[in-house]
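FYI, side chains are in, hydrogens and waters are out, and symmetry mates aren't considered; it's all heavy atoms of this structure. The sequence lines fix the lettering, A, B, ..., with proteins before strands; numbering per chain opens at 1.
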Number of protein chains: 2
Amino acid sequence: MAKPLNAQQTKPRILDAAEGLFAEHGFAATSLRDITKEAAVNLAAVNYHFGSKTALLSAVFERRISPINEERLRLLTELEKSASGQPLDLHGVLRAFLLPPFLKMQEWGESGRKFMQLVGRTHSVEASEQMHEAFFKHFEEIIVRFTHAFENILPELPKQNLHLRLQFVVGAMAHTLVWSQKLDQLSKADPNHPISTFEELLQFVAAGMGAKHPPHTLEDIR
Amino acid sequence: MAKPLNAQQTKPRILDAAEGLFAEHGFAATSLRDITKEAAVNLAAVNYHFGSKTALLSAVFERRISPINEERLRLLTELEKSASGQPLDLHGVLRAFLLPPFLKMQEWGESGRKFMQLVGRTHSVEASEQMHEAFFKHFEEIIVRFTHAFENILPELPKQNLHLRLQFVVGAMAHTLVWSQKLDQLSKADPNHPISTFEELLQFVAAGMGAKHPPHTLEDIR
DNA sequence: GTCTATATGCGGATAGAC
DNA sequence: GTCTATCCGCATATAGAC
């Protein structure tokens with residue numbers, strides 16, 4: 001009960017440090033020296049345990065993305081079961097997609113917050129093309145399953161419009177995750193009326209996804 | 001009519017090259033060697049003309065952000081004038097905010113597309129804290145004027161919720177600008193039914209901003 | 001204003017002792 | 001598995017000739 005200070009192994013220490021520094025300063029701007037110093041391990045440990053800086057970044061993604069996407073699919077499957085053939089609910093499916101990252105972020109505390117920042121950054125084209133592959137391969141099943149669900153919920157919306165709108169959802173979500181700390185401060189600005197960033201986002205994108213089609217034309221707006 | 005090849009000066013060549021490379025690979029991952037090679041100028045030219053790599057990035061921002069935000073304010077002022085005291089229209093104000101970056105992007109062609117990618121990247125925390133200041137100082141007046149306009153349009157929505165929703169708008173916009181090339185391909189996937197990415201975005205965020213408040217509770221959704 | 005040459009330091013990665 | 005020492009290339013930045 002008195003020596004767990006050094007009990008933490010080298011690998012997770014490196015992962016934690018890398019996660020935080022990549023999130024704060026970006027992949028290219030973070031050196032292995034920064035990481036090993038922060039993790040209080042030897043410089044050579046990164047290459048010994050992970051092989052290279054790029055492989056380390058992959059490992060950072062691996063650790064967090066899988067549980068999030070598994071939870072998304074679990075929630076979606078649950079919805080499909082309890083609907084038993086009936087069309088799904090727009091709010092519900094959006095919630096299945098959006099809730100897991102917010103939940104896991106809370107569950108993981110500060111480390112989770114940093115990771116989400118890194119994810120948001122990656123959405124905006126950080127890192128090389130190879131990194132993008134390593135990142136997006138984790139989302140293939142998610143994209144297929146959720147797109148299909150939304151197509152069934154909104155059969156009248158042309159697919160192109162639907163797919164665009166899903167991109168807007170992703171954009172709003174990514175931005176919210178990146179700035180979650182500041183936005184949460186905003187949510188609590190009035191202590192008599194604390195609101196949930198997540199719930200507000202869900203409300204917003206549900207309205208956006210359900211916006212009636214076709215939209216106003218330029219003429220209507222002027 | 002036969003020698004304009006070398007007529008272009010060094011400074012704009014550097015700006016163009018830097019804009020493109022910062023957008024594609026990020027600030028930290030782009031070296032002055034990459035830039036001067038792409039611009040076909042001497043390595044020392046950057047430091048001679050701009051002083052440093054960071055100052056060059058500032059200059060890249062300077063050149064493009066000002067015209068966009070001036071146009072935003074011009075459109076908003078125009079709306080206020082023609083409304084002559086009446087409350088403004090939600091669609092109209094959102095359009096005044098969102099249209100200028102899309103218009104300028106088109107106007108500037110490939111260079112504009114790259115710049116918008118860079119802006120989207122910066123929204124997601126690229127670069128250092130100093131760079132952020134240099135970036136966001138261009139938006140102070142925009143934030144004040146537009147926030148005020150939205151508060152008047154949606155007086156029943158608590159300010160915290162309103163401010164959060166504006167962040168969602170910014171997130172969807174930034175993501176759309178970053179991925180504009182791919183999303184435009186999506187918009188034209190069906191040649192019989194080409195749609196406008198911008199109009200679809202406007203429709204989406206207008207519905208989101210106008211979503212009724214208070215939202216469903218967690219209980220309603222389950 | 002533009003060039004070459006170079007100062008100076010940091011980057012990822014590794015060899016080899018322990 | 002962990003350490004020190006080091007390779008070697010590339011980074012930004014500058015000095016000084018033209």
**OP:** Please report, rounded to the nearest Å, how far the C1' atom of D:dC3 is from the NE2 atom of A:His49.
**Re:** 12 Å
**OP:** Measure up the A:Trp108 and A:Phe115 rings against each other and bin them: parallel (under 30°), tilted (30 to 60°), perpendicular (over 60°).
**Re:** perpendicular
Identify the pairs formed between an N or O of the protein and an N or O of nucleotides 13-18 of chain D at a distance under 3.5 Å, and give each distance.
from	atom 1	to	atom 2	distance (Å)
D:dA13	OP2	B:Lys53	N	3.1

Original post:
Cation over ring, B:Lys53 on B:Phe27, under 6.0 Å and within 45°?
Top reply: yes
Original post:
Side-chain contact, heavy-atom cut-off 4.5 Å: A:Ser187 with B:Leu164?
Top reply: yes
Original post:
Taking atom P of C:dG12 as reference, at what distance in whole Å does atom CG of A:Leu56 sit?
Top reply: 11 Å
Original post:
Under 4.0 Å between a side-chain N or O of A:Asn42 and OP1 or OP2 of D:dT4?
Top reply: yes
Subject >> B:Thr10 side-chain N/O to C:dT2 phosphate OP1/OP2 under 4.0 Å >> reply: yes
Original post:
So among A:Arg64, A:Arg13, A:Lys114, which one has a salt bridge (Lys or Arg N to Asp or Glu O under 4.0 Å) with A:Glu19?
Top reply: A:Arg64
Subject >> Mutual orientation of the aromatic rings belonging to B:Phe136 and A:Trp179 [parallel < 30°, tilted 30-60°, perpendicular > 60°] >> reply: perpendicular
Original post:
Taking OP1 and OP2 of C:dC10, is either one under 4.0 Å from a side-chain nitrogen or oxygen of A:Ser31?
Top reply: no
**OP:** For B:Ile35 and D:dC10, give me the distance from atom CD1 to atom C1', rounded to whole Å.
**Re:** 14 Å
**OP:** Quickly work out the A:Arg13 CZ to D:dG1 P distance and round it to whole Å.
**Re:** 16 Å
**OP:** Would you mind reading off the distance between A:Ile14 atom CD1 and C:dA13 atom P, rounded to a whole angstrom?
**Re:** 13 Å
Identify all side-chain donor-acceptor contacts of residues 66-78 of chain A below 3.5 Å with residues at least two apart in sequence or on another chain.
from	atom 1	to	atom 2	distance (Å)
A:Asn69	OD1	A:Arg72	NH1	2.8
A:Asn69	ND2	A:His138	O	3.0
A:Glu71	OE1	A:Arg74	NE	3.1
A:Glu71	OE2	A:Arg74	NH2	3.1
A:Arg72	NE	A:Phe97	O	2.7
A:Arg72	NH2	A:Phe97	O	3.2
A:Arg74	NH1	A:Glu78	OE2	3.0
A:Thr77	OG1	A:Leu73	O	2.8
A:Thr77	OG1	A:Arg145	NH2	3.2

Subject >> Sugar-phosphate, base or nothing in reach of B:Thr30, heavy atoms under 4.0 Å >> reply: sugar-phosphate
Subject >> Whole-Å gap separating P (C:dG12) and CG (A:Leu57) >> reply: 13 Å
